[in-house]
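Whatever order the structure lists them in is the order used to number ligands and atoms, beginning at 1. Positions are given from 1 along the sequence.
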Amino acid sequence: MELGLGGRRALITGGSRGIGLAIARALVAEGAAVALCARGEAELADAVASLAASGGRAVGIRADVTDEADLTAAVDRAAAALGGLDLLVANAGGAAGGGLLDSTPADWVATYGLNVLHAAHAVRVAVPYLAGSDAAAVLLVSSLSAHRPGSRSSYATAKAAESHLAPVLADELGGRGIRVNAISPGSTLVPGGGWDRMRAERPAEFDRFAAEEFPAGRLVTAEEVADVACFLLSPRAAGVNGADVAVDGGQQRPGPRRPTPR
Ligand SMILES: NC(=O)c1ccc[n+]([C@@H]2O[C@H](COP(=O)([O-])OP(=O)(O)OC[C@H]3O[C@@H](n4cnc5c(N)ncnc54)[C@H](OP(=O)(O)O)[C@@H]3O)[C@@H](O)[C@H]2O)c1
């Protein structure tokens with residue numbers, strides 16, 4: 001299927017590694033130009049170099065997305081570097097603290113700021129650019145945790161809010177020709193990420209987790225998340241708006257596999 005992403009201009013927050021970098025790679029493979037932002041300059045430079053080596057057009061912008069001025073400047077710089085913006089992927093995210101009793105109010109504020117406020121502000125600043133595109137689309141990278149809470153309470157709550165932001169913004173921005181969707185990855189194996197470390201350090205526990213959680217017995221890959229992201233960002237998904245699409249390998253099914261009673 002021709003996705004119609006050639007020549008489109010995309011900003012991906014948190015694009016220097018993991019799911020964000022996989023989305024950048026997939027967009028570049030479709031002929032889009034990308035701007036990536038993250039805090040770590042060395043990793044950002046490596047990501048941009050690897051995208052350029054594959055023949056893509058990529059620019060890196062150092063920014064902390066939890067800093068309003070930094071994020072505003074990053075969106076403006078991305079639009080200036082690429083000559084406008086058609087696509088925005090609010091991907092940067094993460095958790096501070098654990099369960100309610102293992103987290104502080106500051107952890108909750110930080111987690112909400114990183115996952116929800118950064119996404120909302122990035123869209124706010126990008127709207128004038130996106131409104132100039134004939135196929136503008138925003139994608140918010142939420143999580144399975146929005147729907148099936150895990151042990152990190154601030155993260156699950158913030159991701160639920162981030163998922164809800166998609167239909168809220170789709171409603172507000174539809175008149176400007178901007179679609180807004182969310183994507184909810186399940187536990188995603190990214191090189192050097194948390195699940196990858198667990199696989200290396202606690203292989204038996206990792207294998208048990210994969211077998212119990214996923215019908216196919218394996219975690220989702222960042223590339224699988226990126227493929228769905230590309231489709232949702234493309235004009236071929238013009239009929240999808242305000243949705244939250246699960247890419248969780250069936251992890252969100254109603255319950256773990258049960259034995260069949262005889
Ligand atoms: N991996 C999973 O299993 C999984 C599952 C469901 C949902 N998700 C969601 O998917 C998204 C990406 O996750 P991931 O696992 O790919 O994360 P990751 O590997 O930790 O990468 C996060 C990216 O965001 C950047 N970042 C983090 N905080 C930032 C900040 N304050 N300002 C600017 N950039 C920042 C990081 O670069 P710097 O650190 O250099 O800033 C990096 O580029 C997140 O929203 C996460 O909640 C992940």
Side-chain angles (χ1 to χ4, degrees), residues 11-26 34-48 50-51 58 60-75 77-78 89-96 109-119 121-122 139-150 152 154-163 165-166 182-199 206 209-210 213-214 218-226 228-229 244-249 251-252:
L11 169 62
I12 300 137
T13 69
S16 64
R17 62 172 185 268
I19 290 171
L21 180 55
I23 293 174
R25 282 207 183 96
V34 297
L36 319 175
C37 76
R39 294 163 303 178
E41 295 207 49
E43 203 169 29
L44 197 54
D46 287 349
V48 167
S50 76
L51 292 166
I61 298 164
R62 204 222 65 81
D64 181 343
V65 300
T66 63
D67 180 304
E68 187 184 320
D70 240 18
L71 179 54
T72 301
V75 175
R77 282 179 60 196
V89 182
N91 164 77
V109 170
T111 304
Y112 195 82
L114 177 56
N115 294 278
V116 187
L117 299 184
H118 123 257
H121 189 59
L139 188 66
L140 313 176
V141 181
S142 185
S143 170
L144 165 77
S145 298
H147 310 279
R148 205 192 76 171
R152 294 177 300 175
S154 66
Y155 180 71
T157 311
K159 285 302 194 187
E162 188 178 357
S163 283
L165 199 56
I183 196 169
S184 281
S187 304
T188 305
L189 198 56
V190 299
W195 299 115
D196 199 26
R197 284 197 299 278
M198 180 182 174
R199 178 167 67 167
F206 178 86
F209 168 72
E213 286 277 310
F214 295 87
R218 66 161 181 84
L219 278 64
V220 178
T221 68
E223 290 70 29
E224 289 166 341
V225 175
V228 179
D244 180 1
V245 177
V247 190
D248 61 13
Q251 198 177 10
Q252 202 191 135

Using distance alone, decide if ligand 1 has a nitrogen or oxygen within less than 3.5 Å of any nitrogen or oxygen in Ala38.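 For ligand 1, there is no N or O atom that lies under 3.5 Å from one belonging to Ala38.
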
Taking both backbone and side-chain atoms of Trp195, is any N or O found less than 3.5 Å from an N or O belonging to ligand 1?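 Right, the criterion is met.
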
Does only the side chain of [X] get under 4.0 Å from ligand 1, or the backbone, or both, or neither? Count heavy atoms.
{"X": "Pro185", "result": "both"}
{"X": "Leu44", "result": "neither"}
{"X": "His118", "result": "neither"}

What atoms of ligand 1 come within less than 4.0 Å of a heavy atom belonging to Ser187?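 It comes down to these atoms of ligand 1: 3 (O).
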
Any protein heavy atom under 4.0 Å from atom 3 (O) of ligand 1? yes

Kindly state if atom 41 (O) of ligand 1 has a protein heavy atom within a strict 4.0 Å cut-off, that is, under 4.0 Å?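 Within 4.0 Å: yes, protein heavy atom nearby.
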
Would you check whether Gly193 reaches within less than 4.0 Å of ligand 1, judged by its heavy atoms?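 Not so, Gly193 does not reach ligand 1.
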
With the threshold set at under 4.0 angstrom, would you say Ala47 reaches ligand 1 through any of its heavy atoms? no

Going by side-chain hydrogen bond (donor to acceptor under 3.5 Å, both in side chains), name the residues that satisfy it together with Arg199, two or more places apart in sequence or in a different chain.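 Partners of Arg199 by the side-chain hydrogen bond (donor to acceptor under 3.5 Å, both in side chains) criterion, ordered by chain and then number, come out as Asp196.
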
Counterpart residues, side-chain hydrogen bond (donor to acceptor under 3.5 Å, both in side chains), relative to Glu43 (two or more places apart): Arg17

